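Bear in mind that the values here come from a model prediction, so they are computed numbers and not experimental data. Count residues from 1 along the sequence.
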Amino acid sequence: MNIAIIEDEIPAREQLIFLLHKINPVITIAFSAQSVKDAVSKFETCPELDLIFMDIQLNDGLSLEIFDHVKIETPVIFATAFDQYTLQAFQQNGIDYLLKPIKQKELKIALAKYQSLQHHFTRDLSRLATLLNGSEPNYRKRILVRRGGSYSSVVIDEVQYFFSEHKVTFLVNQEGQKLIVDETLSDLESSLNPKCFFRVNRAYLSSIGAIDKFSPDGKGKLQLVLNPPTKESVIVSQEKSGTFKEWYSGG
C-alpha cells in the first residue's frame, strides 16, 4: 500500500508512520509534506497513491485548500485535534476522520474501512452511473496508442494488459505487441469495465482473459501468470488478494 502523509508536526508524523508499520509492515510512505504549498508541489509529481493521511490544520493554512490546486482522486483519512471541519473533510474524498492523538485501535479500524471500501469504489460508481443514466455505463471500446511517429487505436477486446515502466504506460495486445499509451494506469482503470479489468498492483492493470493462472506467493500474496508472459513477477498484495479472488471468480 502506497501512502502519503500531510502533517506539519514532526512527532505526530513519526508516530503515525510507526503505527502504520506496526499494523502493516509492507506499507510504503511515498512522501510526506508539512504545508499546503509543499503538498501541492509533491502531488503534482508524486507516484500513484493508494491512500492519503491529512492533518486538517497545517502551518500555512488548511489542508482542504490543497484540493483547490490539484485534482486528487485517492481516498483520504483526515486527522486533527479539532472536529469542526468534519463535513468539509468528507466532501473531499474523506473516508474517515481521526481525532488526535491517534490511537492504534482507531487507526486499524480506519485502515480496515479503507480496505472494505476499496473493492466497491469503481463498482459503486458504475452502478451510480447506471441509475442516473438509466443505461449501462459507457466504458471504453478503443484505446489510442503510439506506433512510431503516428497514432492508431486498439479495440479493447484485443488488450491483454497494461503496465507502467519508468513512468511510461504500455499496452500489450493478444499478439504480444507492446505499444505506448499516453494515459496513466489510474485513468485507464477508471474508464474500463471493472468486470473485465483489474488493477493487480501499482504497475499492472490486467484483463481477465490475460490471466492464465495464479498461485500463493507467501504471506497472503498471489503470483499471477499472464499471457503474453511478463519479464517480471506479477504479484497481488495480501491486501488485494481477497478482492482479486472475488473478481476473478465473478463475485
Side-chain angles (χ1 to χ4, degrees), residues 1-3 20 23-28 30 47-52 73-75 77 93 95-96 108-130 136-137 139-140 143 156-165 169-174 176 178 181 183-251:
M1 187 187 303
N2 214 29
I3 288 177
L20 286 170
I23 294 170
N24 186 346
V26 300
I27 281 176
T28 299
E48 293 181 17
L49 299 169
D50 297 303
L51 183 62
I52 302 168
E73 298 179 341
T74 306
I77 294 176
N93 295 22
I95 62 169
D96 213 334
K108 192 171 184 178
I109 292 172
L111 288 173
K113 182 178 179 181
Y114 160 73
Q115 294 292 345
S116 67
L117 290 173
Q118 186 181 30
H119 173 58
H120 299 287
F121 285 149
T122 304
R123 186 172 67 182
D124 287 350
L125 286 173
S126 300
R127 287 177 177 172
L128 179 60
T130 301
E136 285 297 313
Y139 297 119
R140 297 277 289 276
I143 302 292
I156 199 65
D157 291 342
E158 296 178 0
V159 178
Q160 291 294 88
Y161 55 85
F162 302 90
F163 72 96
S164 178
E165 185 176 62
T169 302
F170 295 93
L171 175 157
V172 177
N173 63 18
Q174 294 172 346
K178 189 172 73 171
V181 180
E183 299 180 60
T184 67
L185 291 182
S186 294
D187 289 338
L188 290 166
E189 180 185 15
S190 65
S191 67
L192 297 172
N193 190 336
K195 293 181 180 179
C196 302
F197 286 85
F198 187 88
R199 183 67 177 274
V200 175
N201 54 36
R202 290 177 58 201
Y204 281 84
L205 171 62
S206 176
S207 74
I208 195 165
I211 301 170
D212 276 350
K213 57 184 178 181
F214 64 89
S215 57
D217 192 55
K219 295 184 178 180
K221 298 178 183 178
L222 301 173
Q223 180 167 332
L224 309 188
V225 176
L226 301 185
N227 181 32
T230 60
K231 65 179 182 180
E232 60 188 354
S233 297
V234 179
I235 304 296
V236 181
S237 69
Q238 178 184 8
E239 292 82 8
K240 277 193 171 184
S241 60
T243 305
F244 171 81
K245 289 178 180 177
E246 183 180 353
W247 170 78
Y248 193 68
S249 65

J.: Within this structure, what is the OG1-NZ distance for the pair T243 and K245, rounded to the nearest 0.5 Å?
T.: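 Nearest 0.5 Å value for the OG1-NZ distance: 11.0 Å.
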J.: Give me the atom names and distance for the closest heavy-atom approach of L205 to L185.
T.: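 Of all heavy-atom pairs spanning L205 and L185, the closest is CD2-O, 4.0 Å.
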J.: Which word best sums up how the rings of Y161 and F163 line up, parallel for under 30°, tilted for 30 to 60°, or perpendicular for over 60°?
T.: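 Rings of Y161 and F163: tilted, as their planes differ by 30° to 60°.
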J.: Below 4.5 Å, heavy atoms only, C-beta onward: do N201 and K240 meet side chain to side chain?
T.: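 No, too far: nothing below the 4.5 Å cut-off.
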J.: Please check this pair: side chain of N2 against backbone of D50, looking for a donor-acceptor N/O pair closer than 3.5 Å.
T.: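 Side chain of N2 to backbone of D50: no pair is present.
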J.: When rounded to the nearest 0.5 angstrom, what distance separates OH in Y204 from CD1 in I235?
T.: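 The distance works out to 10.5 Å.
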J.: Please confirm whether the backbone N or O of D157 pairs with a side-chain atom of Q174, one donor and one acceptor, at under 3.5 Å?
T.: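 Here the side-chain-to-backbone pair exists.
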J.: Of all heavy-atom pairs between I3 and L49, which one has the smallest distance, and what is that distance?
T.: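 Looks like C-CD2, 4.2 Å.
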J.: What distance do K219 atom NZ and S237 atom OG have between them, rounded to the nearest 0.5 Å?
T.: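 With rounding to 0.5 Å, NZ (K219) is 13.5 Å from OG (S237).
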J.: Could you state the interatomic distance from CD1 (I109) to CD1 (I23), rounded to the nearest 0.5 Å?
T.: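 With rounding to 0.5 Å, CD1 (I109) is 10.0 Å from CD1 (I23).
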J.: T169 and D187: side chain to side chain contact (heavy atoms under 4.5 Å, CB included), yes or no, with the steps?
T.: CA-CA 11 Å; T169 302; D187 289 338; over 6 Å; no
J.: Taking D212 for its side chain and V225 for its backbone only, find out whether a donor-acceptor pair lies under 3.5 Å.
T.: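 Flag not set: sc D212 to bb V225 has no pair under 3.5 Å.
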J.: Run the numbers on V200 and L224 for side chain to side chain contact (heavy atoms under 4.5 Å, CB included), then give the verdict.
T.: CA-CA 9 Å; V200 175; L224 309 188; 3.6 Å; yes
J.: Side-chain contact, heavy-atom cut-off 4.5 Å: T230 with V172?
T.: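 Side chain of T230 against side chain of V172, heavy atoms only: no contact under 4.5 Å found.
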J.: Counting distance only, does the side-chain N/O of Q160 pair as donor-acceptor with the main-chain N or O of N227 below 3.5 Å?
T.: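 Side chain of Q160 to backbone of N227: a pair is present.
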J.: Could you tell me whether the side chain of F197 reaches within less than 4.5 Å of the side chain of I156, counting heavy atoms only?
T.: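 The answer is yes, as the side chains (C-beta and beyond) meet within the 4.5 Å cut-off.
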J.: With rounding to the nearest 0.5 Å, note down the distance linking CD in Q223 to NZ in K213.
T.: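 Rounded to the nearest 0.5 Å, the CD-NZ separation comes out at 10.0 Å.
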J.: Hey, does the side chain of W247 reach the backbone of P194 with a donor-acceptor pair shorter than 3.5 angstrom?
T.: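 Indeed, once roles are kept as given, a pair shorter than 3.5 Å links the two residues.
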J.: Quick check against the 3.5 Å criterion: does T28 have a side-chain atom that pairs as donor or acceptor with the backbone of A30?
T.: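 Between the backbone of A30 and the side chain of T28 there is no qualifying donor-acceptor contact (under 3.5 Å).
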J.: If you take all heavy atoms of L51 and L111, which pair is closest and at what distance?
T.: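 Heavy atoms of L51 and L111 come nearest at CD2-CD2, 3.7 Å.
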J.: Within a strict 4.5 Å, meaning less than it, do heavy atoms of the L222 and F244 side chains meet?
T.: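 Yes, side chains in contact.
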J.: Hey, are the side chains of K231 and E165 touching, using non-hydrogen atoms and a 4.5 Å cut-off?
T.: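 They are in contact (side-chain heavy atoms under 4.5 Å apart), so the answer is yes.
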J.: So do L188 and I143 actually touch side chain to side chain, heavy atoms under 4.5 Å?
T.: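 With C-beta onward as the side chain, the pair touches.
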J.: Say whether, by atom type as modelled, one donor and one acceptor occur between the side chain of S241 and the main chain of G220 under 3.5 angstrom.
T.: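 At least one qualifying donor-acceptor pair exists.
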J.: Just checking, any donor-acceptor pair under 3.5 angstrom between side chains of Y114 and E239?
T.: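 Short answer, no.
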J.: Rounded to the nearest 0.5 Å, how far does CD of Q238 lie from CG of D217?
T.: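 Result: 12.0 Å between the selected atoms.
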J.: Heavy atoms, side chains only, cut-off 4.5 Å: are F162 and L192 in contact?
T.: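 When only atoms from C-beta onward are counted, L192 and F162 do touch, with a gap below 4.5 Å.
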